[in-house]
Amino acid sequence: VNPDDVTVHRQLDPARIGDLVELFRSAWWARTRDPAEVARAVAGSDLVVALVHEPDDRLVGFARVLTDFTYLATILDVIVAPDGRGAGLGARLMDTLVGDPDLAAVRSVELVCQPDLLPFYRQWGFTDQVGRSTLMRRTTDAGLIG
Ligand SMILES: CC(C)(COP(=O)(O)OP(=O)(O)OC[C@H]1O[C@@H](n2cnc3c(N)ncnc32)[C@H](O)[C@@H]1OP(=O)(O)O)[C@@H](O)C(=O)NCCC(=O)NCCS
């Protein structure tokens with residue numbers, strides 16, 4: 001994937017839900033998601049960024065945000081297609097979200113990641129120094145348990 005051929009979209013065309021399900025298959029926490037649930041989750045998100053490879057009109061990157069636009073925003077599902085990784089597209093997703101005017105006044109932006117991605121997110125000022133805070137979760141998602 002040539003990053004010069006990739007454009008940033010601020011919405012996900014419903015016609016691309018199948019592409020997104022396919023992209024999710026490359027991410028360990030989203031592998032089993034089905035189209036109807038993915039469509040509902042996208043519709044229920046406050047901000048969406050989609051990267052489209054124009055020559056073949058293919059979704060090659062995605063991220064979304066849930067937020068109250070004031071105190072908290074949570075970045076979710078940051079994914080670049082396997083054949084597009086290492087070319088700056090993940091940075092394009094993060095630059096777009098972190099630079100979004102709708103998030104400029106939000107006090108805290110949070111995300112959950114695996115330890116190997118700490119250096120990636122530190123580039124945008126994220127830290128794992130969160131005082132005495134600890135993530136707690138109540139889930140029915142077997143993939144998120146230990
Ligand atoms: C994580 C992910 C989104 C990064 O996207 P990418 O397009 O490969 O990243 P980029 O090419 O934009 O990398 C930007 C910079 O971050 C660095 N970087 C990328 N992945 C990194 C990692 N795992 N650890 C440390 N640095 C990393 C790159 O070296 C690059 O640095 P540079 O500008 O100095 O060259 C992508 O690898 C991915 O989709 N992974 C699978 C899904 C996933 O785990 N998502 C994160 C969920 S929390």
Side-chain angles (χ1 to χ4, degrees), residues 1-13 15-35 37-69 71-103 106-131 133-146:
V1 173
N2 179 347
D4 294 339
D5 290 334
V6 173
T7 54
V8 177
H9 296 233
R10 306 309 313 276
Q11 282 173 340
L12 189 82
D13 184 337
R16 294 194 198 280
I17 291 293
D19 272 12
L20 181 55
V21 169
E22 196 54 42
L23 203 56
F24 280 166
R25 282 198 216 290
S26 73
W28 63 268
W29 69 92
R31 203 152 274 159
T32 59
R33 291 179 178 176
D34 74 61
E37 284 181 351
V38 167
R40 186 149 47 103
V42 168
S45 298
D46 298 300
L47 298 175
V48 162
V49 181
L51 302 182
V52 175
H53 184 248
E54 295 295 339
D56 55 0
D57 193 37
R58 177 169 66 108
L59 185 72
V60 290
F62 178 83
R64 66 192 178 98
V65 173
L66 300 181
T67 184
D68 58 17
F69 297 101
Y71 299 113
L72 181 66
T74 302
I75 294 180
L76 297 162
D77 295 335
V78 178
I79 304 177
V80 170
D83 66 337
R85 291 177 193 167
L89 297 181
R92 187 108 51 107
L93 289 172
M94 291 303 297
D95 287 344
T96 304
L97 291 179
V98 167
D100 192 298
D102 288 342
L103 298 184
V106 175
R107 258 185 233 178
S108 299
V109 182
E110 299 187 351
L111 57 85
V112 175
C113 72
Q114 301 288 292
D116 56 314
L117 282 167
L118 291 173
F120 177 71
Y121 290 115
R122 278 191 190 114
Q123 299 173 99
W124 291 274
F126 290 85
T127 179
D128 61 341
Q129 303 301 303
V130 292
S133 299
T134 297
L135 178 68
M136 290 185 76
R137 176 179 282 144
R138 183 172 179 267
T139 186
T140 58
D141 195 331
L144 294 180
I145 299 168

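In listed order, ligands and their atoms are each counted from 1. The analysis underlying the following values was restricted to heavy atoms, covering all of them including side chains, and did not include hydrogens, waters or symmetry mates.
- Within the 4.0 Å heavy-atom criterion, the part of D116 lying near ligand 1 is the backbone and not the side chain.
- Counting protein heavy atoms only, atom 1 (C) of ligand 1 is closest to L117 CD2, 3.6 Å.
- Annotation: atom 39 (O) of ligand 1 to nearest protein heavy atom, V80 N, 2.8 Å.
- In this structure, the side chains of V98 and V109 stay at 4.5 Å or more apart for every pair of heavy atoms.
- Counting heavy atoms from C-beta on, the side chains of T74 and T67 never come closer than 4.5 Å.
- What sits closest to atom 11 (O) of ligand 1 on the protein, heavy atoms only, is G88 N, 2.8 Å.
- For the pair F126 and L118, the minimum side-chain heavy-atom distance is 4.5 Å or more.
- Near P119, the atoms of ligand 1 lying under 4.0 angstrom from a non-hydrogen atom of the residue are 25 (C).
- Shortest contact from atom 12 (O) of ligand 1 to any protein heavy atom: A91 N, 2.8 Å.
- The residue S26 has no part lying near ligand 1, judged by heavy-atom distances below 4.0 Å.
- Atoms of ligand 1 found under 4.0 Å from any heavy atom of A87, numbered from 1 in the order shown, are 11 (O).
- Shown here, atom 31 (O) of ligand 1 is in close reach of the protein: a heavy atom of it lies under 4.0 Å off.
- Counting only heavy atoms from C-beta outward, the side chains of D83 and H53 never approach each other to under 4.5 Å.
- Atom 46 (C) of ligand 1 lies below 4.0 Å from at least one non-hydrogen atom of the protein.
- When atom types are taken as modelled, the side chain of D5 and the backbone of P55 share no donor-acceptor pair closer than 3.5 angstrom.
- Looking at R107 and D68, no side-chain N of the basic residue comes within less than 4.0 Å of a carboxylate O on the acidic one, giving no salt bridge.
- For Q123, the closest heavy-atom approach to ligand 1 falls below 4.0 Å.
- Although no hydrogens or angles enter the test, the distance criterion places a donor-acceptor pair under 3.5 Å between the side chain of R31 and the main chain of R25.
- In this structure, atom 13 (O) of ligand 1 lies nearest to the protein heavy atom F120 CE1, 3.9 Å.
- Using a 4.5 Å cut-off on side-chain heavy atoms (C-beta onward), W29 and I79 make contact.
- Remark: minimum distance from atom 7 (O) of ligand 1 to any protein heavy atom is reached at G90 N, 2.8 Å.
- At a heavy-atom cutoff of 4.0 Å, ligand 1 is contacted by the side chain of W29 but not by its backbone.
- Contacts between Y121 and ligand 1, counted as non-hydrogen atom pairs separated by less than 4.0 Å, involve the side chain only.
- Under the 4.5 Å side-chain criterion, counting only non-hydrogen atoms from C-beta, W124 is not in contact with L97.
- Scanning the protein heavy atoms around atom 37 (O) of ligand 1, the nearest turns out to be R85 CD, 3.4 Å.
- Within a 4.0 Å radius of atom 41 (C) of ligand 1, the protein has at least one heavy atom.
- In this structure, L111 has no heavy atom closer than 4.0 Å to ligand 1.
- Of all the heavy atoms of Q114, none lies under 4.0 Å from any atom of ligand 1, so neither backbone nor side chain is involved.
- Remark: side-chain polar atoms of D34 are paired, donor with acceptor, to backbone N or O of E37 under 3.5 angstrom.
- Heavy-atom contacts of V112 reach the following atoms of ligand 1: 48 (S) (cutoff under 4.0 Å).
- Salt bridge absent: D102 and R10 never bring a charged side-chain N and a carboxylate O closer than 4.0 Å.
- When distances from atom 35 (O) of ligand 1 to the protein are checked, no heavy atom turns up under 4.0 Å.
- Listed by atom number, the atoms of ligand 1 under 4.0 Å from G86 heavy atoms are 6 (P), 7 (O), 8 (O), 11 (O).
- With ligand atoms numbered from 1 in the order given, ligand 1 contributes 3 (C), 42 (C), 43 (C), 45 (N), 46 (C), 47 (C) to contacts under 4.0 Å with heavy atoms of V78.
- Within a 6.0 Å radius of CD in Q11, no more than 12 heavy atoms belonging to other residues, nucleotides or ligands are found.
- Listed for the R92 side chain is a donor-acceptor partner under 3.5 Å among the backbone atoms of V6.
- Under the 3.5 Å distance criterion, the side-chain polar atoms of S45 are matched with a main-chain donor or acceptor of A41.
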